[in-house]
Amino acid sequence: MNYYFMASDRCSVEAVVGALADVLGVSADAVDFVDSGVEEEFAGRDWTAPVLCTQYALSGDLATRLDIQLQGPVDPTFGEGELATALARRLNTILFWDAQEGAPSTNRLVTPDGLVTRARVTETDGPAPTYTVTYTVDAVEAPVPRFPMARVQLLPEIYWEERIATPVADVFVAATAPDRGSRADHPLNRAGECLVLWERLVRRMAGDWAPTGRYPAESYLRDLRTRDHLAACHTALAAPGPRDSLAAAVEELDEVFGTHTTDDGGFLVLSLGRAGPEVTGDAWWWRRRPVRVPWPDGPVPEGESPGAADGRPGRGDAPPGATPGSA
């Protein structure tokens, strides 16, 4: 079993060997440690040792990488997070490992006191002739004092990759397959893509933002723009069959969106820096807020915003040009 961690500190040989022996329940003699910067150490490596650990020097916010291999009698059932948590506590350092979700730059980290969160780590190539890579902790989903320059935010790339069922969009795409062209910008292709994105949002809402209970504000705004695009797709469709199918699908998803949002007169999106015309136009979805705002420190209006008792039109009552269901 192999494990790959990056650490915020360079730990001594004695500390790493002792921590591995303690956590894995073996003697220190069972851990073969090699510093990659010392060539002669590889010559003396005991490749049969139950625990092999190789340390590589890094630059920037991360000081080292630890490659750990368990073999023979050592229990290989540790999950990466479990092993990282135990080692971080014993080494008094922050450990990072591949989150295996989102972009390649997405990592999970654990602090010595047990805080686990996700982080974006960027790599920058240095100048010639060495081209030494500098690692920077660019953003974290929870504050980590060790990295005061890192932005604290939800990482959109994580949520983009989450698998969300889209049964309504799937039915529309399958039903309109004979009518769609081969071009990516064909109106039906564009409509199908936008419908999937819109349904992903409403399904998250219906599940109280499962699986994490959170969602980035910028992703939410992107989804509202997707709803704008759906209205444009409906206008662009000439054939009545696909046009009506899209209208029905969007109407069904709009019902779910309406159930899990309330009218706030556009307070939420204005607080996020969106322009007034988006809020005051016919696109009613910009004037609604989720029942529970899923990003940290979501703004809350002080009182009832002016406007209709329900800022969302009912079935069949959409203003002209506002929804894909309008004629």
Side-chain angles (χ1 to χ4, degrees), residues 159-160 162-209 215 219-266 268-269 274-291 307-327:
Y159 302 88
W160 180 261
E162 286 178 343
R163 295 186 177 275
I164 306 293
T166 55
V168 173
D170 293 346
V171 169
F172 170 79
V173 170
T176 59
D179 301 301
R180 65 183 64 247
S182 59
R183 298 191 343 264
D185 61 349
H186 187 283
L188 272 176
N189 289 328
R190 180 62 173 154
E193 293 169 359
C194 291
L195 198 62
V196 167
L197 295 176
W198 184 239
E199 184 166 8
R200 281 168 59 89
L201 172 67
V202 301
R203 298 304 175 197
R204 291 179 194 275
M205 285 181 161
D208 194 27
W209 306 101
Y215 196 59
S219 297
Y220 179 74
L221 293 176
R222 179 204 65 207
D223 294 333
L224 295 183
R225 290 192 294 272
T226 294
R227 181 59 179 81
D228 294 342
H229 297 327
L230 276 172
C233 288
H234 179 262
T235 302
L237 290 176
R243 182 185 175 99
D244 292 343
S245 296
L246 179 61
V250 173
E251 186 178 39
E252 181 177 346
L253 297 178
D254 283 352
E255 280 292 308
V256 182
F257 180 79
T259 298
H260 297 282
T261 58
T262 59
D263 173 52
D264 75 343
L268 179 68
V269 295
R274 302 311 299 174
E278 291 176 316
V279 176
T280 59
D282 289 334
W284 53 267
W285 45 92
W286 288 95
R287 294 190 295 277
R288 297 187 68 82
R289 65 183 291 116
V291 171
D310 185 349
R312 175 182 177 277
R315 278 185 176 268
D317 296 330
T323 70
S326 60

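When a residue number appears, it is its place in the shown sequence, counting from 1.
In this structure, CD in E251 is found 11.0 Å from CG in D244, a value given to the nearest 0.5 Å. R225 CZ to L197 CG: the interatomic distance, rounded to the nearest 0.5 Å, is 11.5 Å. Summarising the geometry, atom CD belonging to E255 is positioned 11.0 Å from atom NE2 belonging to H260; distances are rounded to the nearest 0.5 Å. Separating the CH2 atom in W209 from the OH atom in Y215 is a distance of 7.0 Å, to the nearest 0.5 Å. Once rounded to the nearest 0.5 Å, the distance linking OG1 of T226 with CG of L230 reads 7.0 Å. Between atom CZ of residue R204 and atom OG of residue S219 there is a gap of 7.5 Å, rounded to the nearest 0.5 Å.
Checking side-chain atoms of R288 against main-chain N and O of T261 turns up a donor-acceptor pair under 3.5 Å. In this structure, R190 contributes its side chain and C233 its backbone to no donor-acceptor pair below 3.5 Å.
Looking at L268, V269, D263 one by one, the single match for side chain to side chain contact (heavy atoms under 4.5 Å, CB included) with R287 turns out to be D263.
V250 places a side-chain heavy atom less than 4.5 Å from the side chain of R227. Y220 has its side chain within reach of M205: a pair of non-hydrogen atoms, C-beta onward, lies under 4.5 Å apart.
Considering all non-hydrogen atoms of both residues, T166 and V196 come closest at CG2-O, 3.8 Å. The nearest pair of heavy atoms linking R203 to V256 is NH1-CG2, 4.3 Å. The two residues H234 and R243 make their nearest non-hydrogen contact at O-NH1, 3.0 Å. The heavy-atom pair separating H229 from C194 by the smallest distance is CB-SG, 3.7 Å. P242 approaches F172 most closely through the heavy-atom pair O-CE1, 3.9 Å. The two atoms that bring A249 and V168 nearest to each other are CB-CG1, 3.7 Å, heavy atoms only.
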Problem - side-chain hydrogen bond (donor to acceptor under 3.5 Å, both in side chains) evaluation trace for D228 with W286 - result: CA-CA 10 Å; D228 294 342; W286 288 95; 3.0 Å; yes

Exercise for the section: Determine, stepwise, if the pair F257 / W284 fulfils side-chain contact (heavy atoms from CB on, under 4.5 Å). Expected result: CA-CA 11 Å; F257 180 79; W284 53 267; 3.6 Å; yes

Exercise for the section: Please report the C-alpha distance between L201 and L253 in whole Å, then the side-chain angles of each, then the deciding distance to 0.1 Å, and finally whether the side-chain contact (heavy atoms from CB on, under 4.5 Å) criterion is met. Expected result: CA-CA 10 Å; L201 172 67; L253 297 178; over 6 Å; no

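Using a 4.0 Å cut-off between charged nitrogen and carboxylate oxygen, D223 and R200 do not count as a salt-bridge pair.
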